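Heads up, the thing below is written out as structure tokens.
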Amino acid sequence: MAEYNFRDIEKKWQRYWAENNIYKTENTSHKKKFYALDMFPYPSGAGLHVGHPLGYIASDIVSRYKRLKGFNVLHPMGFDSFGLPAEQYAIQTGQHPAITTEQNIKRYKEQLKNIGFSYDWSREVQTHQPDYYRWTQWIFMQLFDNWYNNDSDKAEHIDTLISQFEQSGNDEVNAVCDEDTPEFIADQWNEWNEEEKLKVLLHYRLTFPSEAVVNWCPALGTVLANDEIKDGVSERGGHAVERKKMKQWMMRITAYADRLLKNLEHLDWSEPMKDMQTNWIGKSYGCELQFALSPLNSPSPKEKRPGGEAKTLTAFTTRPDTIYGVTFMVMAPEHEWVNELTTSEQKAEVIAYVEAAKNRSERERQTDVKSVSGVFTGSYAINPFNNEPIPIWVADYVLAGYGTGVVMAVPSSDNRDYRFAKHFDLPVTLVIEGSEQLDDPTELKHGKMFNSGILNGLNSDEAIQKAIQHAEENGFGTSKVNFRMRDAVFSRQRYWGEPVPAYFKGDIPYLVDEKDLPLELPSVDKYKPTKTGDPPLGRAANWTYNGYPLELTTMPGWAASSWYFLRYMDADNESAFADKNITDYWGQVDLYLGGTEHATGHLLYSRFWNMFLYDRGLISHDEPFKKLINQGMIQGVSSFVYRVVFSGDDKTMPEVFLSKGIVDRITKSNLTRAEQDIIEKILKNELGGFNEKHNTSWSVENVMEQKIIPMHIDIGMVKNDILDVGAFKAWRPEYKEAIIIPEADKNYLCGSEVEKMSKSKYNVVNPDEIIERYGADTLRLYEMFLGPLEQFKPWNTNGIDGVFKFLRKVWNLFHKENGEFYVSDTEPAKEELKVLHRTIKKAQEDIERYSFNTSVSEFMICLNDLTALKCNKAAILEPLVVILSPYAPHITEELWHKLGHVTSITQAEFPGYNEAYLVEAEHEYPVSVNGKMRAKLKFPLDMPKEDIEKQVLEDQVIQKWLDGKPPKKVIVVPKKIVNVVV
RNA sequence: GCGGAUGUGGCGAAAUUGGUAGACGCACUAGACUUAGGAUCUAGCGGAGCGAUCCAUGGGGGUUCGAGUCCCUCCAUCCGCACCA
């Protein structure tokens, strides 16, 4: 048999592609463009595992396919190279993070090149390089110099705002700004000095420094974004996170909340992904209602509050229709009026509660959502609809950061309010008809209102409208839209990130001059925070600008990744982040591939920045990613051994490992007497030796009394769940003398579990191993064959032989025993052409709908058919090689050249299929009676329905099933089925 | 709690608008060639039955001549958000 020597073939073509710049893409072309993009990786020290290339292979297939279809394809790759792991390594070793980062990048690139991707490496970006982050800093500066005008509904340069201030103050300015922005008139503005003016402008800038409550992670010494936290601990490392007030740079992403939401409609993204972003933005319609305050400690509405001023408490609600059901109000413990509204009698209790709430970490608050707690302030507010007094409480189920931090509690329709009312024995007023019949009235959300004054008889939706209208007319409420999304914190107390190009004169931030970009990372002696708690940049000597101190925090990870897709278009540009003509040519990313984990991080921030650049006329599309596909994660299959854990800290304890079967039976306590004897015998034996050597006196009883815990071990030591005991004992010095208790058949059985692939779980499968053994083409085909792209699936190599065999058979069909290439020049038979055109059609349709697994199957069927026909004709092979090339570029390139084509396959054309070969003159119809298949009959395709019906009814088999009865009707579906209805 | 997804042989999975369920591959069984090779080829492979045939797409119900596919309901698993008023 001829040898399919994938190693030589793959090396040969990878070199050829590189030397001849086969995949270099031009920025101008008469061809239509196609932009296929992968989410660029963070180059971690562990290298690529088999999960990473899944999406890369899919996008590479699409890229190669599109090239063959005559598109000018942009298919780049780069590295998101600022990040925490490199920094932590730097802290431990003192080595500059750039060194590790660049080593890792080198390794990643080697691995990527081995798989045979068709990237244009001349466009590579590395976000930690000054020539890249120079533009990240530049975009930051643009954001600083812009404000959001609600009237034009876009970002505008700050100068337009200043000129409005000069003419008419900020009364008529409709901008997105801070809540505490002062009101002023033109005269005031014009009298202010520069410092005062700049201070006011900070309320409007799209990026600005601010005192913000942030997620501070003491263990990492940095601030984390909400999406970097999972279950109250940091996503990386699982360290505790606490709430802390700190000076931070912020990004006014909330200005874009509405557009980020609305644009989702037009994006070709999966529904779950859109839902995730929709929920994250969390738009809710409702109104703010003002509740006048009663005099302290008095439920009477009549008297005026001491001090005269009629203060009101504002609450946000989505259900103003239930206003007559309000029986109390609740403020967040952090609310600024808590003190003021607390009566002297309640003071002690309230202060204690607020203190306790403050000290409760976010984590505790989150995990403990069930328990009800709160305290009465002693004050009352007035329901503006019926002038009833309502007691004001403080409770931590109300969040300070959402709405106004005050809730009008309607225990009859909100479950949390209901539980609160039950717990503190507060009244419940029903307002929706039918809720009186329920144990829990809050289960009925909508219906006809009653007990509700002016809203009586209306249904909920009408009542909401009426209530808002009533409140607006009487001046105690306005309709209001609320968002769950907050402004994004843009500061990290780290070294390994982009320096923020801003310096301070006193409190006022100024931008560095554009000509001084990039503002390069300074060198520091250590990568830790300073003794005074400043970020690492505080260690840099002369970290100043014109004598003023520069910002010490660096940018978060999402800064660089929010615009890298634009840099690929024009990666070497030194005078702009990218040339407008070029970004106009490439436009949107036509296909973006990456994981779901970026739904509320990267994919939201990059839409925000892109939209901002669009507003400023710097690019021509307001959405960066037209089509998004989320490839599923490839999980690892971890192996476990079961370790007996001795209580206490005795250094002389033996290491004992029990086989899985034994553990299972011990935990179910149905170990048979015989089995127990065997275990005890082995243990006794082994322990004897151990005791003798270490002069200890462990007994079988000692061991059997201990806890057993599963422990991850390297999957390389396990085959078919059976442990290689020798390898295990050699794995770690402490296991050299381990006592291994196997099953009755002398094998030690390991447990297994499907988990995320990670170094710490010892379950990482490296693609290099697969390539070494089967070749890159097999790896590519196999990853696609594994199942639907978007699905999560554990890695297993069980089926990889089938894919490898397929490639070898392709090879063998066109080679003699001695390895000589041979194809026949004879005209292909009709049957052979049919096989070919069916495959072209299927493969094309499958790629177009991103169903790569089915197209691999189609290739296999094609090969089986050709083998059966003994077809090795050049006229069949040539188009076949082209359609297979996106999947297995190396072997097909080799065959292409053997056919005598001198150029690379990239310049070939994807062949069209010919319907004529697919249409059969006769079609075999399954014939069913009442839906059950009973016979197969052949009819010419153009035979009229009536004739088919007639012949079907005359058929003996069908007559048998009709059993003499005449049929009610006959349904003929062309090219599908004939169904006789009795 | 809210939102979303998935459920088909021993396994990974096909079935594009309702139309022969299980394509293709793995594993397994038998045979051939060879003869101690993890090679290749041929055949079989959801369950029951000698068979015609019957039963099978998480469970139950419905629409239809016909349902893996559409509707209702329940169950299980996974993911996202989580006291958002």
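This structure is a prediction, so every number in the text was calculated from the model and none was measured. Letters go in sequence order (proteins before strands), and every chain restarts at 1.
Note: A:Tyr605 and A:Trp558 have parallel aromatic rings, judged against thresholds of 30 and 60 degrees for the angle between ring planes.
Across all strands shown, the partner of B:G1 is B:C81, judged by Watson-Crick or G-U wobble contacts whose two distances both fall under 3.5 Å. The partner of B:A13 cannot be assigned: no Watson-Crick or G-U wobble pair with both contacts below 3.5 Å exists in any strand.
The aromatic ring centres of A:Tyr925 and A:Phe939 sit less than 6.0 Å apart.
Separation of the C1' atoms belonging to B:G31 and B:A5 is 46 Å when rounded to the nearest angstrom. Nucleotides B:A23 and B:G47 are separated by 13 Å at their P atoms, to the nearest Å.
For B:A82, one of the phosphate oxygens OP1 or OP2 lies less than 4.0 angstrom from a side-chain nitrogen or oxygen of A:Arg484.
Using a 4.0 Å cut-off between a side-chain N of Lys or Arg and a carboxylate O of Asp or Glu, A:Lys950 and A:Glu946 do not qualify as a salt bridge. A salt bridge links A:Glu288 and A:Lys480; the closest N-O separation between the charged side-chain nitrogens and carboxylate oxygens is under 4.0 Å.
Among the atoms of the strands shown, none is found under 4.0 Å from any heavy atom of A:Asp414. Using a 4.0 Å heavy-atom criterion, one finds that A:Lys968 contacts no nucleic acid atom at all. Using a 4.0 Å heavy-atom cutoff across all strands shown, A:Asp417 reaches no nucleic acid atom at all. Counting non-hydrogen atoms under 4.0 angstrom, A:Ile971 reaches a base of the nucleic acid.
Between A:Lys842 atom NZ and B:C24 atom P there is a gap of 12 Å when expressed in whole angstrom units.
The nearest heavy atom of RNA chain B to A:Glu271 and to A:Asp801 marks one nucleotide each, and the one closer to the 5' end goes with A:Glu271. For A:Pro926 and A:Leu786, each mapped to the nucleotide of RNA chain B holding its nearest heavy atom, the one lying further toward the 5' end belongs to A:Leu786.
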